[in-house]
Undergrad: 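Here it is, the structure, as structure tokens.
Order of the sequence lines sets the chain letters (A, B, ...), proteins ahead of strands, with each chain counted from 1.
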Amino acid sequence: MSASFRAPVGTHDVLAPQSALWEGLIATFADFAYRYGFTLALTPMFEEIGVFNRGIGEHSDVATKEMYVFQDRGERTYALRPEGTASVVRAFVQHQPTTPYKAWYVTPAFRYERPQAGRYRQHHQLGVEAIGSDDPALDVEVITLAWRFYQALGLTRIRLLLNSMGHVECRARYVAVLRAHLEEHRSQLCDEHATTWSQNPLRVLDCKRDACIGVINDGPLLPDFLCADCAAHFAAVRSALSDLGIDSTLEPRLVRGFDYYTRTTFEFVADALGNAQNAIGGGGRYDGLSEQLGGKPVGGVGFGSGIERLLLAREAEGLTGNLINRTIDIFVVDTTGDDVATVLVDDLRARGYAVERGFDGRSMKSQMKVADRSGAALALLVGPQEVAADEITIRELRSDDFDRAQLRVARDELWTVLRERLNK
RNA sequence: GUGGGCGUAGCUCAGUUGGUUAGAGCGCCAGGUUGUGGUCCUGGAGGCCGCGGGUUCGACCCCCGUCGCUCACCCCA
């Protein structure tokens with residue numbers, strides 16, 4: 001209990017058997033990304049601080065009080081990435097790949113905040129970005145990928161919330177009217193926003209307190225301020241989603257935490273998660289971000305999803321199945337201590353079987369216990385008798401049928417028997 | 001950053017109004033005739049009772065502090 005070192009506050013070690021769920025989740029996502037035409041992008045886990053606070057907004061909570069900022073020995077100021085998008089867009093600007101550039105990623109993300117259920121200082125996100133295009137079909141593709149991925153995970157109680165923030169001018173017009181509305185009703189706002197409403201009026205839309213909700217409910221709504229182009233873009237996204245059979249809820253109050261969002265914004269919430277941390281993914285367009293990071297003024301759209309929350313949502317929906325098989329096929333029990341078993345194990349693995357073996361010269365009984373615990377379907381016994389006769393004893397570990405439970409085969413017949421028994 | 005709950009073996013937890021060698025179940029290890037797991041039996045290892053201070057003849061138990069875990073607020077994935 002009193003280990004001298006522990007994982008830092010808000011971080012977690014993920015070990016077996018839990019880690020198999022992670023493997024399966026990531027492998028499933030990688031496969032989806034591949035089938036949707038996204039290629040893997042690996043970017044540094046830390047960046048010059050400007051990469052993040054320029055995009056997500058210098059006054060956002062994440063930038064002001066949640067970033068892990070540090071100086072290296074060259075006194076450059078860096079930050080551990082708090083989210084996935086900014087780095088990929090920075091890489092896009094730096095390398096200028098052909099457009100649309102479609103990339104997927106899986107990465108840790110760091111935010112300095114008090115941990116609680118579904119919220120950590122280091123969490124993990126997987127997501128995609130499609131940069132260099134304004135085509136609403138890309139918005140749709142990103143949302144569809146997320147939706148189908150959630151379905152593949154077995155999640156059923158997921159809702160898609162959708163909104164459009166418009167482009168810069170639409171938003172400016174809206175914010176002006178919203179600001180006036182808030183000023184008029186400022187005495188009715190909650191304690192916090194009664195003093196902070198003017199710094200970032202959009203934040204008030206997110207407030208969950210009744211006071212603010214009341215003020216917002218009879219205030220102006222974002223979608224009413226869209227210009228013709230933005231309205232058409234949004235309509236195109238909604239119409240395609242509808243044709244795809246993906247249900248969405250228009251949520252005019254949905255504004256996400258980062259300033260870079262424009263036009264389409266969306267969030268996926270898992271209703272099975274009872275707590276406040278029920279957002280399992282979100283994203284949207286960020287048409288100004290490339291330019292803010294020094295690149296061309298091209299559009300982009302993406303989404304990110306929290307791995308921990310996806311797994312919590314699965315658990316909350318009672319989904320216990322693994323997404324990938326990580327049980328081993330064969331356990332080799334060796335009581336000779338010479339190289340016969342070692343060579344056999346190597347041979348088995350070369351043929352594609354997942355193989356574990358006994359170590360430390362333990363007794364056969366002891367190794368059989370380990371074999372059973374390993375989950376292997378078969379144990380192969382290598383003892384003096386087998387070696388002398390050039391045979392292998394095969395023992396079924398998952399069968400109660402004693403006739404089938406054990407047999408000895410010649411070493412060169414082993415492969416045939418294994419193919420039958422293991423079906424692979 | 002603010003507030004609540006909780007820190008006793010690897011895990012889940014007991015521990016009598018503070019009384020001397022701190023317990024259970026599970027797990028782990030080793031045995032239970034001659035090479036065999038899943039059931040059963042026996043034995044064993046493993047705890048500065050989170051850490052520091054205080055009160056007391058005496059503290060796992062009471063008080064203070066501290067660290068950690070956890071939940072909630074805020075915000076987000």
Undergrad: Whether Ser366(A) contacts A30(B) is assessed here as follows: a side-chain N or O lying under 4.0 Å from the phosphate OP1 or OP2. Is that the case?
TA: yes
Undergrad: Once you apply a heavy-atom cut-off of 4.0 Å, does Glu386(A) come out as touching a base, just sugar-phosphate, or nothing?
TA: base
Undergrad: Whole Å only: how far is the CD atom of Glu66(A) from the P atom of C75(B)?
TA: 10 Å
Undergrad: Heavy atoms from C-beta onward define the side chain here; which of C29(B), C73(B), U36(B) lies closest to that of Arg119(A)?
TA: C73(B)
Undergrad: Could you tell me whether Arg349(A) and Asp329(A) make a salt bridge, using a distance below 4.0 angstrom between a side-chain N and a carboxylate O?
TA: no
Undergrad: Starting from the C-alpha separation in whole Å, work towards a yes-or-no answer on ring-ring contact (aromatic ring centres under 6.0 Å, His included) for Phe266(A) and Phe268(A).
TA: CA-CA 7 Å; Phe266(A) 55 90; Phe268(A) 297 95; 5.7 Å; yes
Undergrad: On RNA chain B, compare the nucleotides closest to Gln125(A) and Ala7(A); which residue's is nearer the 5' end?
TA: Ala7(A)
Undergrad: In whole angstrom, give the distance that lies between atom NZ of Lys365(A) and atom P of A30(B).
TA: 10 Å
Undergrad: When the P atoms of G25(B) and C62(B) are considered, how many whole Å apart are they?
TA: 27 Å
Undergrad: Any Lys/Arg nitrogen of Glu141(A) or Lys102(A) sitting under 4.0 Å from an Asp/Glu carboxylate oxygen of the other?
TA: yes
Undergrad: What does Val9(A) touch in the nucleic acid at a heavy-atom separation under 4.0 angstrom: a base, only the sugar-phosphate, or nothing?
TA: sugar-phosphate
Undergrad: Which value, in whole Å, describes the distance between the P atoms of nucleotides G3(B) and A59(B)?
TA: 32 Å
Undergrad: May I ask you to say whether Glu113(A) pairs ionically with Arg121(A), meaning some side-chain N is under 4.0 Å from a carboxylate O?
TA: no
Undergrad: Whole angstroms only, please: what is the CG-P distance between Leu273(A) and C71(B)?
TA: 13 Å
Undergrad: With heavy atoms under 4.0 Å as the rule, sort Arg114(A) into base, sugar-phosphate or nothing.
TA: base
Undergrad: Between Phe70(A) and Tyr78(A), how do the two ring planes meet: parallel, tilted or perpendicular, split at 30° and 60°?
TA: tilted
Undergrad: With a 3.5 angstrom cut-off on both distances, give the Watson-Crick or G-U wobble partner of G3(B), or none if there isn't one.
TA: C71(B)
Undergrad: If you measure from the P atom in G54(B) to the same atom in A14(B), how many Å do you get, rounded?
TA: 30 Å
Undergrad: Please determine whether any donor N or O and acceptor N or O are separated by less than 3.5 Å between the side chain of Gln406(A) and the base of U36(B).
TA: yes
Undergrad: Return whichever of His12(A) or Gly118(A) has its heavy-atom-nearest nucleotide of RNA chain B closer to the 5' end.
TA: His12(A)
Undergrad: Rounding to a whole Å, what distance do you find between Gln116(A):CD and G4(B):C1'?
TA: 13 Å
Undergrad: Please state the P separation for the pair G58(B) and G19(B) - nearest whole angstrom.
TA: 15 Å
Undergrad: Determine the contact category for Phe303(A): base if any of its heavy atoms lies under 4.0 Å from a base atom, sugar-phosphate if only primed atoms, P, OP1 or OP2 are that close, otherwise nothing.
TA: nothing
Undergrad: Regarding Gln277(A), tell me which of base, sugar-phosphate or nothing describes its non-hydrogen contacts under 4.0 Å with the strands shown.
TA: base
Undergrad: Would you kindly give the CZ-to-P distance between Arg357(A) and U36(B), to the nearest whole Å?
TA: 19 Å
Undergrad: Tell me which nucleotide among C75(B), G37(B), G35(B) gets nearest to the side chain of Met368(A).
TA: G37(B)
Undergrad: What nucleotide among A30(B), U36(B), A77(B) has an atom nearest to a side-chain atom of Glu113(A)?
TA: A77(B)
Undergrad: Report yes if at least one side-chain N or O of Arg362(A) is closer than 4.0 Å to OP1 or OP2 of C29(B); otherwise report no.
TA: yes
Undergrad: Round to a whole Å and report the spacing from OH of Tyr112(A) to C1' of G1(B).
TA: 9 Å
Undergrad: NA contact type, Leu381(A), heavy-atom cut-off 4.0 Å: base, sugar-phosphate, or nothing?
TA: base
Undergrad: Whole Å only: how far is the CG atom of Leu80(A) from the C1' atom of A77(B)?
TA: 17 Å
Undergrad: Which nucleotide, A72(B), A30(B), U36(B), lies nearest any side-chain atom of Met364(A)?
TA: U36(B)
Undergrad: Distance alone, cut at 3.5 Å: any donor-acceptor contact between the side chains of Thr43(A) and Arg81(A)?
TA: yes
Undergrad: Rounded to whole Å, how long is the line connecting atom CZ of Phe331(A) with atom P of G37(B)?
TA: 13 Å
Undergrad: Is any side-chain N of the basic residue among Arg411(A) and Glu391(A) closer than 4.0 Å to the acidic one's carboxylate O?
TA: no
Undergrad: So, OP1 or OP2 of A77(B): does either fall under 4.0 Å of a side-chain N or O from Arg81(A)?
TA: no
Undergrad: So what does Ala117(A) hit on the nucleic acid, given a heavy-atom distance under 4.0 Å: a base, only sugar-phosphate, or nothing?
TA: sugar-phosphate
Undergrad: Sticking with atom C1', work out how far G38(B) lies from A45(B), rounded to a whole angstrom.
TA: 24 Å
Undergrad: Does a salt bridge link Arg398(A) with Asp372(A), judged by any charged N lying under 4.0 Å from a carboxylate O?
TA: yes
Undergrad: Suppose you measure atom P in G7(B) against the same atom in C60(B); what distance do you get, rounded to whole Å?
TA: 15 Å
Undergrad: Hey, is the side chain of Glu267(A) pairing donor to acceptor with the base of A77(B) inside 3.5 Å?
TA: no
Undergrad: Determine the Euclidean distance between corresponding C1' atoms of C40(B) and G52(B); express it in Å to zero decimal places.
TA: 48 Å
Undergrad: For nucleotides C11(B) and G27(B), find the distance between their C1' atoms and express it as a whole number of Å.
TA: 7 Å
Undergrad: Assign Lys369(A) to base, sugar-phosphate, or nothing according to its heavy-atom contacts below 4.0 angstrom with the strands shown.
TA: sugar-phosphate
Undergrad: Using a heavy-atom cut-off of under 4.0 Å over every strand shown, decide if Arg121(A) touches base, sugar-phosphate, or nothing.
TA: nothing
